Amino acid sequence: MKAENINKAYELAKERYAEIGIDTEKVINQLQNFHLSLHCWQADDVAGFEVQAGDMSGGIQSTGNYPGKARNIDELRADVLKAKSLIPGNHRLNLHELYGDFQGKVVDRDEVTIEYFQSWIDWAKENNTMLDFNSSSFSHPKSGNLSLSNPDKGIRDFWIEHTKRCRDIANAMGEAQGDPCIMNLWVHDGCKDQSVNHAMYRRFLKESLDEIFAKKQPMMKDCIEGKVFGIGLESFTVGSHDFYTAYAAQNGKILTIDTGHYHPTESPADKVSAVLQFVPELMLHVSRPVRWDSDHVTIMDDPTQELFSEIVRADALDRVHYGLDFFDGSINRIGAYVIGSRSAQKCMLRALLEPKEEISRLEIAGQGYKVLGLLEEQKAMPWQAVYDEFCLRNDVPVGQDYMKEIDAYEATVTSKR
Ligand code: RNT
Ligand code: ZN
């Protein structure tokens, strides 16, 4: 695409937006400061680098067998850098514990230390990237159906130890990067079928969390993530949304909203202004559920747009961490990162370009039809010209031009694996 045409289109768009009171230069600046946290697990279908790695478990699944997934830490780092080079702006990397640099050693989950993440810290520094972190309760012989809520104290203690160590690692990452590392805690705990011990499991989970969070960790922030169900754990989820929302509100923790974790007609976007009255911050896991929590690649669909619009309308841009969480193994995985990230950014851009003061004024004045009309008009405003300009200024391919780069990388790198 010709830079000259992109500039021309942008100048026209800038004027058009100025007419409705929107300063596109200010918005481009805001978008520049909007950092996604790219999830490392899209590169290898959530496999990780444990020497002793077994099958995937914990009620999640990556489907598809597209060739070329990252098989080791070097390949994953190269893939992430390739993806980052095609996404405008600067983005964080979200690591799971099972992606440590274990150097051929069997390191069990209750033995992990910062030593296995030092090379990640160095890599992040070299590549001007901040790190976020996750404890990993799945894909392990002790995962079973219950981890932090297991009635067996030995198993519970194993996962408590794991999670405490993960918080130490996250804190060390935060110190090294001079910016808090955001650590998400999600456990798969649940029951496949009828159970009469719901209260007991939840009491154990609460007690485990209390023990895990007892230590103050100034350079990391804790997030807790609930869900509705997992595969093979369809009847009951210990860490349900009610459980974690209440826990986060009572203990000042960050609540994670994974857009794939709600009932099909439930709106994750509507949670933003509700829970932010009670919890300090939110973490997002932006994903796309298709019929179930299928973790399809994020696109510019209505739920994603509403989610970002609600954040901007709630004036909560700085109270949200923007993680991605999809794992599609059926298409080129770099393509998945690039499409998902750019789509999330476009939703945020459109949210920022909305003339919200004017629409709010009309709503309060009872001008309902104008509210509806202006919201409809926004859909066809030239936001794309602003996004193209943003890509150009960030020196990344504009529009579909990123595909050439992904194809070339596939031809020379991923297809050779
Ligand atoms: C699972 C949760 C969780 C995981 C990652 C790998 O349902 O969404 O966030 O996807 O931690
Ligand atoms: Zn998630």
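Just follow the structure's listing: the first ligand is 1, and inside any ligand the first atom is 1. Here the structure is a predicted model, which is why all the values come from computation and not from measurement.
For F49 and F102, the gap between ring centers reaches or exceeds 6.0 Å. Outside the 6.0 Å centre-distance limit, the rings of Y99 and F117 are not counted as a close aromatic pair.
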Report task. For ring-ring contact (aromatic ring centres under 6.0 Å, His included), just list the numbers for H296 and F326, CA-CA rounded to whole Å, side-chain angles, deciding distance to a tenth of an Å, and then say yes or no. Result -> CA-CA 6 Å; H296 279 66; F326 45 80; over 10 Å; no

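Among residues at least two apart or in separate chains, salt bridge (Lys or Arg N to Asp or Glu O under 4.0 Å) pairs with a member in residues 130-143 are R92-D132.
Side chain to side chain, K69 and T414 fail the donor-acceptor criterion of an N or O pair below 3.5 Å. Defined by atom type and a distance below 3.5 Å, a donor-acceptor pair is present between the side-chain atoms of Q32 and N394. Between the side chains of D301 and T304, a donor-acceptor pair is found at a separation under 3.5 Å.
Considering only heavy atoms from C-beta on, K84 comes within 4.5 Å of N90 through its side chain.
Around the Zn ion (ligand 2), the protein contributes the following N, O or S atoms under 2.8 Å, ordered by chain and number: E225 OE2, D258 OD2, H285 ND1, D325 OD2.
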Which donor-acceptor pairs under 3.5 Å do the side chains of residues 346-354 make with protein atoms, sequence neighbours left out?
unit_1, atom_1, unit_2, atom_2, d
E354, OE1, R313, NH2, 2.8
E354, OE2, R313, NE, 2.8

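Near ligand 1, residues W41, I60, H96, W186, E225, K227, D258, H261, H285, D293, D325, F327 come within 4.0 angstrom through at least one heavy atom.
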